[in-house]
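What follows is a set of notes on a single structure, which appears directly below.
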Amino acid sequence: MRPILMKGHERPLTFLKYNRDGDLLFSCAKDHTPNVWFADNGERLGTYRGHNGAVWCCDVSRDSSRLITGSADQTAKLWDVQSGHQVFTFNFDSPTRSVEFSVGDRLAVITTDPFMEQTSAIHVKRIAADPADQTAESILTLKITPQGRMKINRAVWGPLNRTIISAGEDAVIRIWDSETGKLLQENQKEDGHTKTITSLVKSPDGSHFLTGSLDKSAKLWDTRTLTLIKTYRTESPVNAVAMSPLLNHVVLGGGQDAINVTTTDHRAGKFEAKFYDKILQEEIGGVKGHFGPINALAFNPDGKSFSSGGEDGYIRLHHFDHDYFNIKI
């Protein structure tokens, strides 16, 4: 399995996202300019210029026509995927951390960080079919008061857009009613993570989701009941997680903080994406290559390739060999 090395960012990667067809890969980094690539050969198609700060997150609509990005410049922007033009800018009073389109692309959930007097918040925006009708008003804003100084690292839509699932620095997963903004559920303390939750990814059918945390573990949860299904343990903090749409595999990526590099074992410098059996919770393999912690992981929707983005500014695109599909435990 020879990786395709994609160098288009000057700063560390923050997020990777495939479109629904699996032919395009969108990448965000701390260098202000999201990129789009051909997902089969790693050729760069174009860039989206206009942000003025690190871009933390992106999402692409079901028909691959619209891209939404969230940035530390306190905006979230809508883009025309094909032309690269900015369609609309949502302005906030604090940096934007996470963005996601709803099923149907009529809504977007956007989270903002605590900043100055602002607490962290979750915003729901209506996305107009015609860009000319787009407005900036929020349908719903959840100001998260008790843990207001804690960042919300990810917020995603639950089944049928009825709920919003959020997770972040306080290590608690919360489910909110997306109509009223009421808090419906929190995960059980004894089941949950003990440190910051860095990443959250849903299964293709939305029935369960995977969280990764700095407590060196990833956990699989039932979306409706918020019960813990599985836990995957590793030796280093987890910055990114991904779930195979094809096989029962989960991938964990991470590494350690720069401060700890000199005190770790010989594996330092070989930052690897670790594959686990989703059901048996056993490690089945790893893909080395990055020269810095892995910050972003994504599976192609066809399950036949995956990509990882690192602190080293590279995206590595891996097309699986035949052997991968026959791994027996």
With sequence neighbours excluded, what pairs up with Gln185 under the side-chain contact (heavy atoms from CB on, under 4.5 Å) test?
Ile175, Leu226
Test side-chain contact (heavy atoms from CB on, under 4.5 Å) applied to Thr227 - qualifying residues, sequence neighbours left out
Asp222, Thr225
If you look only at pairs with a residue in residues 45-59, which of them pass as a salt bridge (Lys or Arg N to Asp or Glu O under 4.0 Å), with sequence neighbours excluded?
Lys17-Asp59
Taking the six-membered ring where the residue is Trp, are the ring centres of Phe291 and Tyr314 under 6.0 Å apart?
no
Rounded to the nearest 0.5 Å, the OG1 atom of Thr33 sits from the NE2 atom of His9 at a distance of 8.0 Å
Answer yes when Asp312 and Arg316 have at least one side-chain N-carboxylate O distance shorter than 4.0 Å, and no when they do not.
no
Give a yes or no on this: more than 12 heavy atoms of other residues, nucleotides or ligands lie within 6.0 Å of atom CZ of Arg44.
yes
Salt bridge flag under 4.0 Å for residues Glu283 and Lys274
no
Please determine whether a side-chain nitrogen of the Lys or Arg among Asp105 and Arg62 lies less than 4.0 Å from a carboxylate oxygen of the Asp or Glu.
no
Show me the pairs that pass ring-ring contact (aromatic ring centres under 6.0 Å, His included) and involve residues 12-47, at least two apart or across chains.
none
Tell me yes or no: between the side chains of Thr163 and Trp176, is some donor less than 3.5 Å from an acceptor?
no
Pairs involving residues 107-129, ordered by first then second residue, that meet ring-ring contact (aromatic ring centres under 6.0 Å, His included) (sequence neighbours left out)
Phe92-His123
Looking only at side-chain N and O atoms, does Thr119 offer a donor or acceptor that is under 3.5 Å from a partner on Lys143?
no
Partners passing side-chain hydrogen bond (donor to acceptor under 3.5 Å, both in side chains) against Thr141 (at least two apart in sequence or in another chain):
none
Quick one: is the NZ or CZ of Lys202 closer than 6.0 Å to the six-membered ring centre of Phe209, and within 45° of its axis?
no
Would you say Gln281 has more than 12 foreign heavy atoms packed within less than 6.0 Å of its CD?
yes
Going by ring pair (Phe, Tyr, Trp, His ring centres under 6.0 Å), Tyr324 matches just one of His318, His249, His319. Which one?
His249
